[in-house]
S.K.: 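Provided herewith is a single structure, encoded as structure tokens, for subsequent inquiry.
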There are 2 protein chains.
Amino acid sequence: MSRGSTEQPSTADGPRQTGRATLRDVAKLAGVSIATASKALNNQPQVRAETRTRVLQAAEQLSFSPNTLAQGLITQRSGTVGLLTSDLEGRFSIPILMGAEDAFGSDQTSVFLCDARGDNLRERHHLRALLSRRVDGLIVVGARPDARPSLGRDLPVPVIYAYSPSDDPADLSLVTDNVGGGRMAVDHLIRHGRRRIAHITGDPSYGAAQDRARGALDRLAEEGLPLAGDQVWFGAWSEAWGRGATRMLLQRDPDIDAIFAGSDEIARGVLDVLHQEKLAVPTQVAVIGFDNWNILAVNARPPLTTIDMNLEALGRLAAQRLFAAIDGTLGSGVETVAPRLITRESTAPLD
Amino acid sequence: MSRGSTEQPSTADGPRQTGRATLRDVAKLAGVSIATASKALNNQPQVRAETRTRVLQAAEQLSFSPNTLAQGLITQRSGTVGLLTSDLEGRFSIPILMGAEDAFGSDQTSVFLCDARGDNLRERHHLRALLSRRVDGLIVVGARPDARPSLGRDLPVPVIYAYSPSDDPADLSLVTDNVGGGRMAVDHLIRHGRRRIAHITGDPSYGAAQDRARGALDRLAEEGLPLAGDQVWFGAWSEAWGRGATRMLLQRDPDIDAIFAGSDEIARGVLDVLHQEKLAVPTQVAVIGFDNWNILAVNARPPLTTIDMNLEALGRLAAQRLFAAIDGTLGSGVETVAPRLITRESTAPLD
DNA sequence: TTGTAGGCGTTATCAA
DNA sequence: TTGATAACGCCTACAA
């Protein structure tokens, strides 16, 4: 192997093969017992200052790094969690992972990321592997924001479902508040003086599509405003549908002054057609998206105001709940995380 | 904790607290010694068939799962690798992770994914954590396809740099063949009868931009073809630049018949302006991108022909090299992975 | 074919 | 303040 450790730690029995110093090496070098070395390194009080520095120096010199596996064997805690995802692109799982990393602290807990690729068998495999690695907990991230099958009730570690809730109400699930997000989007448009607001969104079989629409309609109703375009335009989560729906919408109702798109992809399609029809954004028509998918939102023309699902916050929360559950009880039901508005240039006050 | 293991394994000393059966529990239930149970479960030959089934049944009944941490202590192998990335969106690391997972086999090896977020300090933290977890190897994925600082030469485990090469030639790096990719793109256009080919690409400080351009120019030269637009249009990796460059290009050289864009983002900008200028794609002008970033390429109008960097293959290769290195030697230098052409509708034969 | 004993690298509980 | 000693869960000679 092309590595050259200069410090080959050795025992009385001869040089070590592994290339990694153990606590015994440190103790030997410092001239103390293993127990003392351990105490010194874990800064326990009952150790003389002079001894401690001697041990610390020895450890430094051997670039000693404690074997977490051995520690875990004793403490019954591996300091790892598994993130089991089905989200091929990592679009949702990565922010969640980062949030979790943040909350755990990278030196405390490491995260195994496993992608089941929508395959149930592969999920079972990964699950088994993670359990045998003695993860302290599990975060499950589904492929879409709808209920997914529970992993089951009698797992030996706490499990949290993030983004996609579990279909078993006894499990704890953390999801974005899609109703609130829809409401937030429309509220933003209303505050900007828009009155003729339409809504184009994706596949109606997605709970998220229904929820966002509901939030939008609720807010509209509060204001006594009708939905422009006479209906929620359900379709597909694609730019193509965004384009098609916008064309139909404009035909039916040419003087809308705002469109709430159920995703940034759809919003891109909307912008495209608006552009083509020479309708100025945001002056004539304001557009707001959903997801804050950077590559789409920032590059849009104009850059897209959108609703961010706050997945990092969701990841942080998952980590906190997991952490609390490790020596307490885990709740159940569905907990909701508030999304947040990202203002860019595709919306602006009327006038 | 909200879990209800029905099988509470117990020892003679009383019920277990952990909720997880150990080999001792299995042995006890099967009425054999721990050693025999171990042999039976690891199907070693020297064990009577009847005994084995008895052990297997006991294990099943207790839903025994061997403690990988304990195994690792003995075998000096954790069965884990670390994937250390700086790629915030996971755009490159996820495919690489999936490739590595594939090659390792999910039951053999699990992957720790750590994101350093471009922060050097955080990277050191993660590195330390991974080493103390006794990962068997490390895959390092940088943020951009250019040389990144080496982790150093005397790490106790083999390290492979993927996507971004290490700046130390003694390390082993695996990267996409960008020169070959550029060549491949232009070759495709030439085969489709295009003769007036222009190239718009990103930030010239990126090695990848230079390499792709070089490949393109090489192939053009072989054919005795000039570069349309008189120059390689370097700029930024954004749609906005794609739009701006296309406008300038069309002004300088209105009758190009193909554009090779250095990224799919840029290609989107190119398509946008072509559309605006009423130039039909692909009939009048063919467009090819780079990256095969699905969300951009598939949704483009028309869907984008592009060069895929084959990152999954890169991940698989990294896993294989790592695996080989664990009890052999790791090579050094830069190894290259061939990209592949993804044909969609933005290119077609002329006529 | 089965069981006993020692050890992997730590930590924790005692005595000294 | 320090050091034996016994775990933790598993594997592997070696002995029976």
Side-chain angles (χ1 to χ4, degrees), chain A residues 9 11-13 16-55 58-59 62-79 131-134 136 156, chain B residues 9 11-14 16-55 58-59 62 64-79 131-134 136 156:
Chain A
T11 66
D13 325 316
R16 311 199 88 253
Q17 307 301 333
T18 87
R20 262 124 137 178
T22 108
L23 192 52
R24 209 169 42 147
D25 301 317
V26 175
K28 196 145 293 176
L29 182 59
V32 297
S33 75
I34 295 185
T36 306
S38 171
K39 287 169 198 154
L41 288 171
N42 296 306
N43 32 290
Q44 301 211 219
Q46 350 93 306
V47 74
R48 198 157 42 122
E50 193 265 330
T51 312
R52 164 159 303 141
T53 48
R54 206 144 34 90
V55 172
L62 299 174
S63 52
F64 168 76
S65 150
N67 186 329
T68 312
L69 276 57
Q71 293 181 146
L73 206 46
I74 295 179
T75 61
Q76 304 283 22
R77 198 145 297 174
S78 65
L131 290 179
S132 84
R133 298 228 133 78
R134 293 301 186 265
D136 297 329
Chain B
T11 66
D13 324 318
R16 311 199 89 253
Q17 307 300 332
T18 87
R20 264 124 135 176
T22 109
L23 191 53
R24 212 172 37 150
D25 300 318
V26 175
K28 195 145 296 178
L29 182 58
V32 299
S33 74
I34 295 185
T36 305
S38 171
K39 287 169 198 155
L41 288 172
N42 296 307
N43 32 291
Q44 300 210 221
Q46 351 95 303
V47 79
R48 200 158 40 129
E50 192 265 330
T51 312
R52 162 159 303 136
T53 47
R54 204 142 37 89
V55 172
L62 299 174
F64 169 77
S65 149
N67 185 330
T68 312
L69 276 56
Q71 292 182 144
L73 248 196
I74 296 178
T75 62
Q76 304 283 23
R77 198 144 297 171
S78 66
L131 290 178
S132 84
R133 298 232 134 77
R134 293 303 187 264
D136 297 329

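Chain letters run A, B, ... following the sequence lines, proteins first and then strands; every chain starts at 1.
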S.K.: For a quick check, with a 4.0 angstrom heavy-atom cut-off, what is the B/S/- contact string for nucleotides 10-16 of chain C, read 5' to 3'?
M.R.: BBB----

S.K.: Will you find, in the side chains of B:Ser132 and A:Thr68, an N or O donor that is under 3.5 Å from an N or O acceptor?
M.R.: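 Present: a donor and an acceptor within the cut-off.
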
S.K.: Run the side-chain contact (heavy atoms from CB on, under 4.5 Å) test against A:Leu69 and tell me which residues pass, sequence neighbours left out.
M.R.: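 Testing A:Leu69 for side-chain contact (heavy atoms from CB on, under 4.5 Å), a comparison that skips the adjacent residues, returns A:Asn67, B:Leu69, B:Ser78, B:Arg134.
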
S.K.: For A:Leu41 and C:dG9, what is the distance between atoms CG and P respectively, to the nearest whole Å?
M.R.: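 Roughly 16 Å, once rounded to whole Å.
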
S.K.: Which sits closer to the 5' end of DNA chain C, B:Arg54 or A:Leu73, going by the nucleotide each is nearest to?
M.R.: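 Between the two, 5'-proximity favours B:Arg54.
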
S.K.: If I take atom CZ in residue A:Arg52 and atom P in nucleotide D:dT1, what distance separates them, rounded to the nearest angstrom?
M.R.: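 So the CZ-P distance, A:Arg52 to D:dT1, works out to 10 Å.
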
S.K.: Can you measure A:Lys28 atom NZ to C:dG9 atom P for me and round it to whole angstrom units?
M.R.: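 In whole Å, C:dG9 P and A:Lys28 NZ are 12 Å from each other.
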
S.K.: Under the side-chain contact (heavy atoms from CB on, under 4.5 Å) test, which residues partner A:Arg48, sequence neighbours left out?
M.R.: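 So A:Arg48 forms a side-chain contact (heavy atoms from CB on, under 4.5 Å) with A:Glu50, A:Thr51.
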
S.K.: Who pairs with A:Ser33 by side-chain contact (heavy atoms from CB on, under 4.5 Å), at least two apart in sequence or on another chain?
M.R.: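 A:Ser33 satisfies side-chain contact (heavy atoms from CB on, under 4.5 Å) with A:Ala35, A:Thr36 only.
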
S.K.: Which residue, B:Thr68 or A:Val32, contacts DNA chain D at a nucleotide closer to its 5' end, judged by nearest heavy atom?
M.R.: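 Looking at the nearest nucleotide for each, A:Val32 comes out on the 5' side.
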
S.K.: Taking CG from B:Asn43 and P from D:dC11, how many angstroms apart are they, rounded to a whole number?
M.R.: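 Spelled out: CG on B:Asn43 to P on D:dC11 is 12 Å.
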
S.K.: Between B:Arg52 and B:Gln44, is there a donor-acceptor pair closer than 3.5 Å when you use the side chain of the first and the backbone of the second?
M.R.: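 Pair found, side chain donor or acceptor close to backbone of B:Gln44.
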
S.K.: Of all the choices, D:dC8, C:dC8, D:dG3, which nucleotide is nearest to the side chain of B:Gln76 once you look at every atom?
M.R.: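 It is C:dC8.
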
S.K.: Give me the atom names and distance for the closest heavy-atom approach of A:Phe64 to A:Leu41.
M.R.: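 What the structure gives for the nearest pair is CE2-CD1, 3.6 Å.
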
S.K.: Between C1' on D:dC11 and CG on A:Leu69, what's the gap in Å once rounded to a whole number?
M.R.: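 Distance, rounded to whole Å: 15 Å.
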
S.K.: How many angstroms lie between atom CG of B:Asn43 and atom CD of B:Gln46, to the nearest 0.5 angstrom?
M.R.: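 Answer rounded to 0.5 Å: 11.0 Å.
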
S.K.: Is A:Thr36 near enough to D:dT2 that one of its side-chain N or O atoms lies under 4.0 angstrom from OP1 or OP2?
M.R.: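 For D:dT2, neither OP1 nor OP2 has a side-chain N or O of A:Thr36 closer than 4.0 Å.
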
S.K.: So if I take the C1' atoms of five pairs at each end of the helix from C:dT1-D:dA16 to C:dA16-D:dT1 and get each local axis, what angle do the two axes make, rounded to 10 degrees?
M.R.: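 End-to-end axis angle: 50°.
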
S.K.: Rounded to the nearest angstrom, tell me the gap between atom CG in B:Asp25 and atom C1' in D:dG9.
M.R.: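 To the nearest whole Å, that distance equals 10 Å.
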
S.K.: Suppose we screen for side-chain contact (heavy atoms from CB on, under 4.5 Å). Which residues come up paired with B:Ile34, at least two apart in sequence or across chains?
M.R.: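 If we apply the side-chain contact (heavy atoms from CB on, under 4.5 Å) test to B:Ile34, skipping adjacent residues, the hits are B:Leu23, B:Arg24, B:Ala27.
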
S.K.: If every non-hydrogen atom of A:Val55 is compared with every non-hydrogen atom of A:Val26, which pair is closest and at what distance?
M.R.: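 The answer is O-CG1, 3.8 Å.
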
